[in-house]
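A quick write-up on the structure given underneath.
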Amino acid sequence: MNNAGFAAIFRELAGFLELKGENPFKIRAYTRAADILESLDEDVAQLAGEGQLKNIKGIGKTIEEKTQEIARSGTLKALEDLKSEYPPGVMDMTKVPGVGSRTASLIFRELGVASIDELEKAAHDGKLKTLPGMGKKSEENILKAIEKLKEEDMTRIPLVIMDELGESLIDFITSHTEVYRISVVGSVRRRKEACRDLDILVGMDDSSRIPDLVMSWGNFRGMISCEEDRVTFTAADDVEVDISIVKPEDFPFALLATTGSKQHYASLKSHGRRLGLEFGKSGLFHKNGEIIRPTSEAGIYEALGMEYIPPELREMTGEIEAALEHRLPKLLVSEDIRGDLHMHTNWSDGRESIESMVEATKALGYRYVAVTDHSRSLKIARGLSETRLFEQLEMLRQLQDRFTGIHVLSGIELEILKDGSLDYPDSILSRFDIVVASVHSAFRQPEDIMTGRIIRAIRSGSVDIIAHPTGRVLGRRFGYDVDMDAVIEEAARHDVALEINAYPERMDLDSTWARKAMERGAYIAINTDAHNSKELHFMWYGLDVARRAWLEQPHVINTWSLSKLQAWLGQRRERA
DNA sequence: GCCGTTTTCGGCCCGACTGTTTTCAGTCG
């Protein structure tokens, strides 16, 4: 089991303990342990075996023993026991905003309600308001929340989970049998930020071993259907996996077809038809009898007289026309990124020291990095008081000389307060090299108030970047009500950059908004919001969004040279 | 459950908001 696997088990345990109403500090201890295990570079299973885990701060005797039990048996009895007390749907109910573990537990205990569907029915029937501490209003809010939940489909799974499963499955298949080619396809290959299922395409001659093989894969959960050229099953995290198997010579066309999107593929076919070309399984058939057999996707696009269209762009948002006219954007690659302008250290809610985080960004080849801990109002994240803030600024100043090859920008993730005012006065803000502002409070404000609040921050003249502009968290929280068109307009006008937050559960802005921002002339920053050095790798997911948004190097401020970035930041400070 | 210690218990990052109460519990970040 990998480190993330151990972490997942402790997180699940924490979830059930919450349902049970256990001591919150005990729950926090398990959650913290999960974070620690996940971010360790060393192998957890090995450390547990050697009895080294309890030497790590935050992990004691009990958690070490539980980790050893998981390493030994693959499961945790304490968790299995808890799971048997609650039907699986009870935990689901906590996904409804406003329903926490206590309410879910109460509703289950008193009414026997054990799924979101049953919850909806109970609310409709007016049963919830009979419970202690619940009234008409709570019932209405729950109904509204469920409705919204269905509308926005919170059940989609973040790309990062799909990647882990996809890689694991491909490794497993290729290490146990001979395949010609194998690839992730579908929306995961197109890098959609949240996907419904995981599609895999295999090119091989003899597919007879595949069903038995997937059933022996560690993340296999249950078979859905099984045919000669197609195997569908559920895997860990409730992911539906769909494996298509084709002959090696059919692979390029199958790759194109299964990657989609459906509309993009259909459009390619009809374009082919206009040229007198019909799509076959492994070639293009011309009316005059000629057969073209491309051996790659690129070859197919070439035969259709267009540029190769990267999977991220295959969404029918103008890519076919652009490819025909050879004006597709030059998409960003990881080498374009020269710095990360939003990350946290143990001065606020990050896990590592400034030195450790800066070293890690340097190892990624970056030329600059901004240290942006939380500002004073965000108490839960140990936001910096003025005193600690000055201490940190002084420390950053001293550290700057110690780091060669990377420039450290002093920054802050600044709270945009309820009324749109900022968490520190201008006299303090002017001391930072960079100010990243964001909303973490009063999420339920009506749209006009929230929009005005963010716009006030943009107009302040003290803010360089608006972080995670919509506030959504995939599978957990909707974005707040905000008029993003207006925010983009103001950001462009006042030369304030909007962030693509690369945190896999945020991906905020998403690709649609990021593209609109770019088209209206607003700059973009792609930042990780990392809270430990491992999370600095999330930059990859921000790049996915940027590529889907058609962004090019000039649009993204952290692809700029340090001098260009500093000049841009300096302008605002001169105006102030 | 973990930690630290003034060493075996008491504290653990905190506060706003909401809806239910009539003084507070639950949720959220």
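Just so it is clear, the structure is predicted and the values come from calculations on it, not from any experiment. Lettering follows sequence order; numbering is per chain, from 1.
- Between the side chains of D481(A) and Q445(A), no donor-acceptor pair is found at a separation under 3.5 Å.
- Nearest to the side-chain atoms of A29(A) among the listed nucleotides dT27(B), dG1(B), dT20(B) stands dG1(B).
- R459(A) has a carboxylate O that lies under 4.0 Å from a charged side-chain N of E490(A), or vice versa, which qualifies the two as a salt bridge.
- Judged by distance alone, the side chain of E352(A) and the main-chain N or O of M357(A) form no donor-acceptor pair under 3.5 Å.
- F25(A) comes within 4.0 angstrom of a base, heavy atoms only.
- Rounded to whole angstrom, the span from the CD atom of E139(A) across to the P atom of dG26(B) amounts to 18 Å.
- Of the residues in residues 370-379 of chain A, those placing a heavy atom less than 4.0 Å from an atom of DNA chain B are K379(A), in numerical order.
- Closest approach to the K26(A) side chain among dC14(B), dT27(B), dG1(B) is made by dG1(B) (side chain taken as heavy atoms from C-beta onward).
- Ion pairing between a basic and an acidic side chain is recognised when a charged N comes within 4.0 Å of a carboxylate O; D423(A) and R376(A) show such pairing.
- Using modelled atom types and a 3.5 Å distance limit, the side chains of S115(A) and D117(A) yield no donor-acceptor pair.
- In this model, the phosphate group of dC12(B) is not approached by any side-chain N or O of R28(A) to a distance below 4.0 Å at OP1 or OP2.
- For residues 440-455 of chain A, proximity to DNA chain B is found at H440(A), F443(A), defined as any non-hydrogen atom under 4.0 angstrom from a strand atom.
- Within the structure, every pair that satisfies the ring-ring contact (aromatic ring centres under 6.0 Å, His included) test and touches residues 439-467 of chain A, not counting sequence neighbours, is listed here: H374(A)-H440(A), H440(A)-H468(A), F443(A)-Y480(A).
- When distances run from any side-chain atom of I380(A) to the nucleotides dT27(B), dC13(B), dC17(B), the shortest one goes to dC13(B).
- Both V439(A) and K136(A) lie close to DNA chain B; mapped to their nearest nucleotides by heavy-atom distance, the more 5′-ward contact belongs to K136(A).
- Residues from residues 55-77 of chain A that place a heavy atom under 4.0 Å from any atom of DNA chain B, listed by number: I56(A), K57(A), G58(A), I59(A), G60(A), K61(A), T62(A), I63(A).
- Applying the ring-ring contact (aromatic ring centres under 6.0 Å, His included) rule to pairs touching residues 31-79 of chain A yields nothing, sequence neighbours excluded.
- Residue N141(A) places at least one side-chain N or O closer than 4.0 Å to OP1 or OP2 of dG19(B).
- Phosphate proximity of dT27(B) to T103(A): present, with a side-chain N or O under 4.0 Å from OP1 or OP2.
- Checked by atom type, the side-chain pair D163(A)/Y541(A) shows a donor-acceptor distance below 3.5 Å.
- Using a 4.0 Å cut-off on heavy atoms, none of the residues of residues 42-54 of chain A approach DNA chain B.
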